[in-house]
Amino acid sequence: MKKLVAVIVGVAVLPTFAPVAQAQGLEEVFRQVNPSVVVVRAKGRDVGAGGIIRFTETGSGVLISAGGRVMTAAHVVNGMDEITVEGIASEVVRAQIISSDAGADVSLLQLERVTAAMRVAKIGDSDTVRIGQQVVVIGAPYGLSHSMSAGWISARWPPNTIFRDMPLAEFFQTTATINTGNSGGPMFNMASEVIAIVSQNISKSGGSEGLGFVVSIKSAQKLLIERKRFWSAFQGVLLTGELAAMFNVPAPAGFLVKTVAQGSTAWDMGVQGGDRLVTVGGKEIAVVSEDNIEKIRNKLASVPAGTPFKISVLRGGKVIELAGKTKGELVKF
């Protein structure tokens with residue numbers, strides 16, 4: 001009888017202590033890493049059926065250097081007119097894109113200054129991440145700054161296996177809750193190290209009941225830092241084949257500009273976007289091949305600051321030439 005009582009008491013005690021130890025670990029991770037997390041806010045323009053539409057985006061990011069570099073998601077900041085970053089003390093700092101890759105949904109920002117409350121995050125080794133490891137995501141879901149969710153790594157996806165429009169990145173699948181506003185925020189391991197950047201989720205409603213996906217930090221570093229990327233500061237559509245012929249493009253292909261980010265080299269040069277939508281061949285379009293565009297981006301990214309270059313644009317049925325200069329690390333086009 002004494003042995004039976006001992007067993008029952010042991011079973012009753014164990015569930016009480018296990019969750020406490022786990023909660024303390026999560027609390028400590030949040031305390032250590034939260035000062036490195038920022039809220040990213042961007043203002044931009046789009047073209048709709050009624051003309052130009054102004055809109056805002058809210059995402060998250062993480063400070064990765066004392067010099068003021070912040071990693072975030074490309075879809076939050078690409079082509080935007082104005083970008084600001086808000087740190088833990090609610091201080092707002094202006095930022096510019098210095099490198100971006102939509103093929104992996106990652107961007108690198110440069111802050112005008114680093115506030116006293118901000119801290120640089122520790123970068124982990126994402127190659128060591130294993131399925132089943134516990135992780136933490138911190139960001140601004142629905143604009144609620146510095147909110148934390150916890151979960152586990154549920155799968156790993158090598159480049160070009162999960163998202164056809166983002167073939168360059170390695171993705172981790174996670175059970176940690178991801179909502180609108182988390183995009184670009186960091187994922188931390190239990191050693192308080194950044195191992196990934198939040199990208200998106202897949203769900204029927206767009207909410208957090210779906211599958212969450214993050215870009216491994218190794219992919220982000222490789223594409224944004226090791227291999228310097230040229231930021232194309234306009235949004236649009238590639239014209240090839242019949243579409244190029246319809247628009248009388250005097251070349252095998254061209255890029256039809258939809259919007260241009262204010263303050264970029266392209267904006268200063270006079271590159272113009274559309275102000276209304278038309279439907280051509282069942283495709284909505286605002287009034288060279290992809291491989292060649294990639295070669296041009298890489299070429300412009302490798303030249304020194306101040307290097308002059310020219311682009312040809314088709315405007316009003318005439319081909320005109322526009323001139324500009326690269327801006328070094330703040331290369332924008």
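What you see below is based on every heavy atom in this structure, not just the backbone, and it leaves out hydrogens, waters and symmetry mates. Predicted model only: the values in this text are computed from it and were never measured.
- Every side chain to side chain donor-acceptor pair (under 3.5 Å) that Ser219 has, sequence neighbours left out, goes to Ser216.
- Between the side chain of Thr177 and the backbone N or O of Ser149 there is no donor-acceptor pair closer than 3.5 Å.
- A donor and an acceptor atom, one from each side chain of Ser107 and Ser100, are located under 3.5 Å apart.
- Of the possible polar contacts, none joining the Glu57 side chain to the Gly181 backbone as a donor-acceptor pair under 3.5 Å is found.
- For Ser183, the side chain to side chain donor-acceptor pair (under 3.5 Å) partners at least two apart in sequence or on another chain are His75.
- Among Val38, Val106, Ile217, the one residue that satisfies the side chain to side chain contact (heavy atoms under 4.5 Å, CB included) test with Met71 is Ile217.
- In terms of modelled atom types and a separation under 3.5 Å, the side chain of Arg69 and the main chain of Ala66 share no donor-acceptor contact.
- In terms of modelled atom types and a separation under 3.5 Å, the side chain of Asp81 and the main chain of Gly44 share no donor-acceptor contact.
- With contacts defined as side-chain heavy-atom distances shorter than 4.5 Å, the pair Ile97/Ile83 qualifies.
- Of the N and O atoms on the side chains of Gln173 and Trp157, at least one donor lies less than 3.5 Å from an acceptor on the other residue.
- Smallest separation of non-hydrogen atoms from Met187 and Val137: CE-CG2, 3.8 Å.
- Heavy atoms only, all atoms of each residue included: Ala121 and Val62 are closest at CB-CG2, 3.6 Å.
- Applying the salt bridge (charged side-chain N to carboxylate O under 4.0 Å, His left out) rule to Arg31 yields the partners Glu28; only residues at least two apart in sequence or on another chain are considered.
- Between Glu170 and Arg156, at least one side-chain N (NZ, or NE/NH1/NH2) sits under 4.0 Å from a carboxylate O, which counts as a salt bridge.
- The stretch residues 169-193 participates, sequence neighbours left out, in these ring-ring contact (aromatic ring centres under 6.0 Å, His included) pairs: Phe163-Phe171.
- Residue Asn34 holds its CG atom at 9.5 Å from CE of Met148, rounded to the nearest 0.5 Å.
- Note on Glu86 versus Arg41: salt bridge recorded, some NZ/NE/NH1/NH2 to OD/OE distance being below 4.0 Å.
- The side chain to side chain donor-acceptor pair (under 3.5 Å) contacts involving residues 188-200 comprise Gln32-Ser192, Asp105-Ser199, Asn189-Glu193, where partners must be two or more places apart or lie in separate chains.
- Atom CZ of Arg113 has more than 12 heavy atoms from other residues, nucleotides or ligands within 6.0 Å.
- Looking at residues two or more places apart in sequence or on another chain, you find a salt bridge (charged side-chain N to carboxylate O under 4.0 Å, His left out) between Glu112 and Arg94.
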